Amino acid sequence: MKKILVANRGEIALRIMKSIKKMGIKTVAVYSEPDKQALHVQYADEAVCLGEAASAKSYLNMDKIIDYAKKLGVDGIHPGYGFLSENAVFAEKVEAAGITFIGPTPEAITLMGSKLAAKDCVKHYNIPMVPGVDHAIDDIAEAKKVAEEIGFPILIKASAGGGGKGMRIVEKQEEFVEQMERAISEAVSAFGDGSVFIEKYVSSPRHIEVQVLGDKHGNIVHLFERECSIQRRHQKVIEEAPSGILTPEKRQAMGEAAVKVAKSCNYVGAGTVEFLVDANLDFYFLEMNTRLQVEHPVTEMITGIDLVEEQIRIARGEKLRIKQEDLKINGHAMELRVYAEDPLNEFLPSVGHINRYVRPTGDGVRLDDAYEEGMEIPIFYDPMIAKLATHGPTRIEAIQKMKQAIADYEIEGFATTLPFGTFVMDHPAFISAQFDTHFVKNYFSKEQSVEWQKGKARKAALLALAHWKSRKNIIKAPEVSNFSWKKR
Ligand code: MV4
């Protein structure tokens, strides 16, 4: 591979290009009109404009991207995450154009894109799954009987959903039929596929996922887990690796289950197997994401492996260089997603001009970003502007470093989730690792955040007062009587 096109923007496009360059391969950037000055464009060896801001006209325009790739003699396309990364049609078109798609096969993407097909595929591998049905329900009366057997609360899921889209909780039997009807019609309008299924609702789970790598020769390894329970409305905010609660035995069992899931679909490339984990540390397979994930840096920090480099080597047909028994967890890593959103105002988007931008630095601090001071955050795309990650010998040291890195990170011009990061790092439930997917909902309300701000303001005022008291003999206030406003 001599030239790779990165079909993405922002921090992930830049991060992928860094590994490509390190490997001595040329890079091609694609961009939309408002991204003309973006760092991923400046960084690349070549760059082509795809069109207008709207993703459908630019970053989702498959044919245009492939046409440019052919014209420029590109021999590999990396899709990053989001956009075309889990689009089987795109993967197929890339390969049909004689270019290597740096990712799994279209078959694996399609299979794991359907939650029911995924369940069906893994069912012979003895993977723990939440009690429920593994086929689309078309007979609601029949489904009601099954729901009663499983017991309420029940969760209705759309097969074409995922990442929390198309889910409905049903608390009691009387609501079941109505909720099913709604879920089906919602699934039809949202995904064009009305297939839904039901599961026992695990009410306070943790979300723990396992990173896997598979090569084209049938070798698959796992790179341990990431804890992703600190999320808000299915948008992850903080991730860490390893999880603060798994025992070595559980870790091994989950890792082995993840490898089996990957084996079931002959997985090639980097992928992530999601699990729900309950209070007893029992785990259940949820779904598999067939892409490089946003939160991959924490895995890189604890394993020392460059996941993008491995993706490229796998795409080139190389055998995995890593053996399961050689993989060891080194220390602990934390990641905070920095969104241009205001945590004190319902996390509403808060984009604008970056008036001041100072990056945190230091040992064990990694910042994946793609903006500079003076730039504008475009409103058309994801509000995530950076990922701040820290690594230390222990979990508490990673937390301490994160607090310092947040304090050192200066972003002015709009609100960000940086102060929210401090709130989490200071929270006893987080420090003790005793939390679930409801952390943000349970502990962070608008009222509480206002109280918390007041508390911070009070602390700041007390500090200022103490400072003034200690210095009042040195700081001389001007004598008012010496001033005269009259012109002499
Ligand atoms: C569940 C669940 C509870 N019980 N399934 C949400 C995203 C999608 N991957 C599956 N999800 C869930 N499935 C059963 N049977 C709770 C969730 C869930 C969740 C999972 C992971 C991370 C955050 C979440 C937030 C709310 C609900």
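Only a predicted model underlies this, so the values are computations on that prediction, with no experimental measurement involved. Reckoned from all heavy atoms, side chains included, excluding hydrogens, waters and symmetry mates.
Under 4.0 Å is where a charged nitrogen must lie from a carboxylate oxygen, and between Asp382 and Arg9 no such pair does. Taking a cutoff of 4.0 Å between a charged side-chain nitrogen and a carboxylate oxygen, Glu309 and Arg313 qualify as a salt bridge. Electrostatic pairing of Asp215 and Arg321 does not count as a salt bridge here, judged by no charged N lying under 4.0 Å from a carboxylate O.
Taking the six-membered ring where the residue is Trp, the centroids of Tyr371 and Tyr357 are separated by 6.0 Å or more. For Tyr339 and Phe420, the ring centers sit 6.0 Å or farther from each other.
For Thr390 (side chain) and Gly364 (main-chain N/O), no donor-acceptor pair under 3.5 Å exists by modelled atom type. No side-chain donor-acceptor contact under 3.5 Å links Asp134 to the backbone of Asp120. Not a single donor-acceptor pair under 3.5 Å links the side chain of Glu86 to the backbone N or O of Ile109. Formation of a donor-acceptor pair under 3.5 Å by the Tyr267 side chain with backbone atoms of Ala270 is found in this model. Listed for the Glu225 side chain is a donor-acceptor partner under 3.5 Å among the backbone atoms of Ser243. Listed for the Asp75 side chain is a donor-acceptor partner under 3.5 Å among the backbone atoms of Lys3. Between the Thr27 side chain and the Asp45 main chain, a donor and an acceptor come within less than 3.5 Å of each other. Under the 3.5 Å distance criterion, the side-chain polar atoms of Thr105 are matched with a main-chain donor or acceptor of Ala108. Of the possible polar contacts, none joining the Glu341 side chain to the Thr417 backbone as a donor-acceptor pair under 3.5 Å is found. Between the Ser229 side chain and the His207 main chain, a donor and an acceptor come within less than 3.5 Å of each other.
For the atom pair CG of Asn266 and CD of Glu107, the computed distance is 9.5 Å after rounding to the nearest 0.5 Å. Rounding to the nearest 0.5 Å gives a distance of 9.0 Å between OH of Tyr43 and CE of Met17. Taking NZ of Lys26 as the reference point, atom CE of Met23 lies at 14.5 Å (rounded to 0.5 Å). To the nearest 0.5 Å, atom OG of residue Ser55 and atom CG of residue Leu50 are 10.5 Å apart.
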Check against side-chain contact (heavy atoms from CB on, under 4.5 Å), His391 and Asn330: CA-CA 9 Å; His391 180 253; Asn330 170 29; 4.0 Å; yes
Audit row: Val210, Val261, side-chain contact (heavy atoms from CB on, under 4.5 Å) steps and yes/no: CA-CA 11 Å; Val210 177; Val261 170; over 6 Å; no
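Geometrically, Lys71 engages Tyr68 in a cation-pi contact, judged by NZ or CZ lying under 6.0 Å from the ring centre and within 45° of the ring axis.
Between the side chains of Tyr31 and Tyr59, no donor-acceptor pair is found at a separation under 3.5 Å.
Crowding of Asp363 atom CG: a count of heavy atoms from other residues, nucleotides or ligands under 6.0 Å not exceeding 12. More than 12 heavy atoms of other residues, nucleotides or ligands shown are found within 6.0 angstrom of NZ on Lys22.
Shown here are the ring pair (Phe, Tyr, Trp, His ring centres under 6.0 Å) partners of Tyr81, two or more places apart in sequence or in another chain: there are none. Every side chain to side chain contact (heavy atoms under 4.5 Å, CB included) that Pro34 has, sequence neighbours left out, goes to Ser32, Ala53, Phe380, Tyr381. Residues passing the side chain to side chain contact (heavy atoms under 4.5 Å, CB included) test with Ile406, sequence neighbours excluded: Leu336, Leu388, Met402, Leu418, Thr422. Residues forming a side-chain hydrogen bond (donor to acceptor under 3.5 Å, both in side chains) with Glu240 (at least two apart in sequence, or on another chain): His332, Arg395. For Glu287, the side chain to side chain contact (heavy atoms under 4.5 Å, CB included) criterion is met by Lys115, Glu274, Asn289, not counting sequence neighbours.
Residues Thr299 and Phe224 are not in side-chain contact: their nearest non-hydrogen atoms beyond the backbone lie 4.5 Å or more apart. The closest side-chain heavy-atom distance from Leu5 to Leu72 is not below 4.5 Å.
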With a cut-off of 3.5 Å and sequence neighbours excluded, list every side-chain donor-acceptor pair involving residues 192-199.
residue	atom	partner	partner atom	Å
Asp193	OD1	Ser195	N	2.9
Asp193	OD1	Ser195	OG	2.7
Glu199	OE1	Lys157	NZ	3.0
Glu199	OE2	Lys119	NZ	2.8

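Under the salt bridge (charged side-chain N to carboxylate O under 4.0 Å, His left out) rule, Lys236 has a single partner from Glu209, Glu335, Glu227, which is Glu209. Looking at Cys121, Ser264, Pro106, Pro104 one by one, the single match for side chain to side chain contact (heavy atoms under 4.5 Å, CB included) with Leu111 turns out to be Cys121. Considering Arg226, Gln231, Lys387, Arg337 in turn, Arg337 is the only one that fulfils the side-chain hydrogen bond (donor to acceptor under 3.5 Å, both in side chains) rule with Glu239.
Ring geometry, Phe435 versus Phe430: the interplanar angle falls under 30°, so the pair is classed parallel (tilted spans 30 to 60°). Using a 30° and 60° split on the angle between ring planes, His427 and Tyr443 fall in the tilted class, from 30° to 60°.
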